[in-house]
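Since the structure comes first, as structure tokens, the remarks are kept for the end.
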Amino acid sequence: MAGLWRSYQAVMTRHPWTLQIITAGSLVGVGDVISQQLIERRGLANHSMKRTARMMSIGFFFVGPVVGGWYKVLDKFVTGGTKSAAMKKMLLDQVGFAPCFLGAFLGISGALSGLTVEENVGKLKRDYTDALISNYFLWPPVQMANFYFVPLHHRLAVVQIVAVVWNSYLSWKANKM
């Protein structure tokens, strides 16, 4: 395990942006597998690889770049490693970023699932508030610790590890018809 961590660190040093995006896409995919197998109990025969690939693509092309970029902007906007700075970052993240990100995630997922604009708007109206409230139960303490204890280049990975559970929920929410 220590060797795997050293390898991850070495790649992170040379290619931080690429590794963060790969990590995000992979863990969004893991979240979808957990959603299909443990929450929805589809079984392997009924597992939708297309859905897992779609969710991974959202992770690779949306979650990784957007969240990784957001953390860079946030670190420039609020400097320092104090508890006060961590609290400010968490509040900006949860009040400003999270509501927009969540709406975009659900909207992109619906569009990639083939929903019409009207169906997607209806799904957003039905699911967004519940997902946002659920977000507020999980993420503020996680982000407070993340912004206080974790260096910038590891924040996306830490969030995505915690987000395996969150991604399972989001995948279920995004694909629940």
Side-chain angles (χ1 to χ4, degrees), residues 17-43 46-75 77 89-147 155-177:
W17 188 249
T18 302
L19 186 58
Q20 288 177 42
I21 289 170
I22 290 169
T23 301
S26 300
L27 292 175
V28 170
V30 168
D32 180 68
V33 170
I34 291 169
S35 176
Q36 288 191 55
Q37 297 305 314
L38 299 180
I39 297 171
E40 299 166 41
R41 301 195 183 274
R42 289 174 156 234
N46 294 318
H47 186 91
S48 171
M49 288 305 295
K50 184 177 179 183
R51 176 177 138 181
T52 299
R54 183 175 60 244
M55 295 305 292
M56 286 179 75
S57 71
I58 294 170
F60 290 134
F61 299 109
F62 176 68
V63 176
V66 170
V67 175
W70 166 244
Y71 288 159
K72 288 178 184 179
V73 167
L74 195 55
D75 244 36
F77 189 67
K89 288 177 187 177
M90 184 276 293
L91 288 171
L92 284 170
D93 182 67
Q94 291 301 302
V95 174
F97 180 76
C100 299
F101 176 81
L102 188 56
F105 181 94
L106 292 171
I108 290 167
S109 178
L112 292 177
S113 296
L115 297 181
T116 66
V117 172
E118 295 81 19
E119 291 169 331
N120 210 359
V121 168
K123 186 162 180 22
L124 280 168
K125 285 180 181 178
R126 186 184 75 225
D127 293 342
Y128 177 78
T129 301
D130 182 48
L132 188 60
I133 290 168
S134 298
N135 169 85
Y136 290 139
F137 278 101
L138 174 64
W139 287 110
V142 170
Q143 290 295 55
M144 191 62 196
N146 197 28
F147 294 133
R155 285 188 190 143
L156 181 60
V158 167
V159 163
Q160 287 304 311
I161 290 167
V162 173
V164 168
V165 172
W166 179 246
N167 293 337
S168 300
Y169 168 78
L170 275 186
S171 180
W172 169 77
K173 184 62 94 174
N175 290 285
K176 183 178 76 168
M177 297 300 165

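Just so you know, residue 1 is the first one in the sequence shown, and it goes up from there.
Counting all heavy atoms, side chain and backbone alike, Asn120 lies closest to Leu106 at OD1-O, 3.9 Å. Taking every heavy atom of both residues into account, Trp17 and Pro65 meet most closely at CH2-O, 3.3 Å. Closest approach of Trp139 to Val159, counting heavy atoms only: CH2-O, 3.5 Å. The two residues Gly29 and Thr52 have their closest heavy-atom pair at O-CG2, 4.0 Å. Closest of all the heavy-atom pairs between Val95 and Tyr136 is CA-OH, 4.4 Å. Shortest non-hydrogen contact noted between Asn135 and Ala98 is ND2-CB, 3.9 Å.
Between atom CG of residue Leu102 and atom CH2 of residue Trp166 there is a gap of 6.0 Å, rounded to the nearest 0.5 Å. Rounded to the nearest 0.5 Å, atoms CG (Leu19) and OG1 (Thr23) are 4.0 Å apart. Between the CG atom in Leu124 and the CZ atom in Phe105 there is a gap of 11.5 Å [rounded to 0.5 Å]. In this structure, CG on Leu138 lies 8.5 Å from CD on Gln94, to the nearest 0.5 angstrom. Separating the NZ atom in Lys173 from the OH atom in Tyr128 is a distance of 13.0 Å, to the nearest 0.5 Å.
Listed by first then second residue, pairs satisfying side-chain hydrogen bond (donor to acceptor under 3.5 Å, both in side chains) with a partner in residues 101-110 number zero, not counting sequence neighbours. Annotation: salt bridge (Lys or Arg N to Asp or Glu O under 4.0 Å) contacts involving residues 51-60, sequence neighbours excluded, comprise Asp32-Arg51, Glu40-Arg51.
Side chain to side chain, Gln36 and Ser48 fail the donor-acceptor criterion of an N or O pair below 3.5 Å. For the residue pair Ser134 / Tyr169, a side-chain donor-acceptor distance below 3.5 Å is found, with atom types taken as modelled.
In summary, Asp127 and Lys123 engage in a salt bridge, as defined by a charged side-chain N under 4.0 Å from a carboxylate O.
Between Lys89 and Tyr71, every side-chain heavy-atom pair lies at or beyond the 4.5 Å cut-off. In this structure, Met90 and Asn146 have side chains that are not in contact, with every pair of non-hydrogen atoms separated by 4.5 Å or more. When side chains are defined from C-beta on, Ile39 counts as touching Ser168, because their heavy atoms get closer than 4.5 Å.
For Gln143 (side chain) and Asp93 (main-chain N/O), no donor-acceptor pair under 3.5 Å exists by modelled atom type. Looking only at distances, a side-chain donor or acceptor of Glu119 sits under 3.5 Å from a matching main-chain atom of Thr116. The main-chain N or O of Ser171 is found under 3.5 Å from a side-chain atom of Asn175 such that the two form a donor-acceptor pair.
Phe97 is linked by a ring-ring contact (aromatic ring centres under 6.0 Å, His included) to Trp70, Phe101, counting only residues two or more places apart in sequence or in another chain.
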Dump the intermediate steps for side-chain contact (heavy atoms from CB on, under 4.5 Å) on Phe147 and Asp75, then the final yes or no.
CA-CA 9 Å; Phe147 294 133; Asp75 244 36; 5.6 Å; no
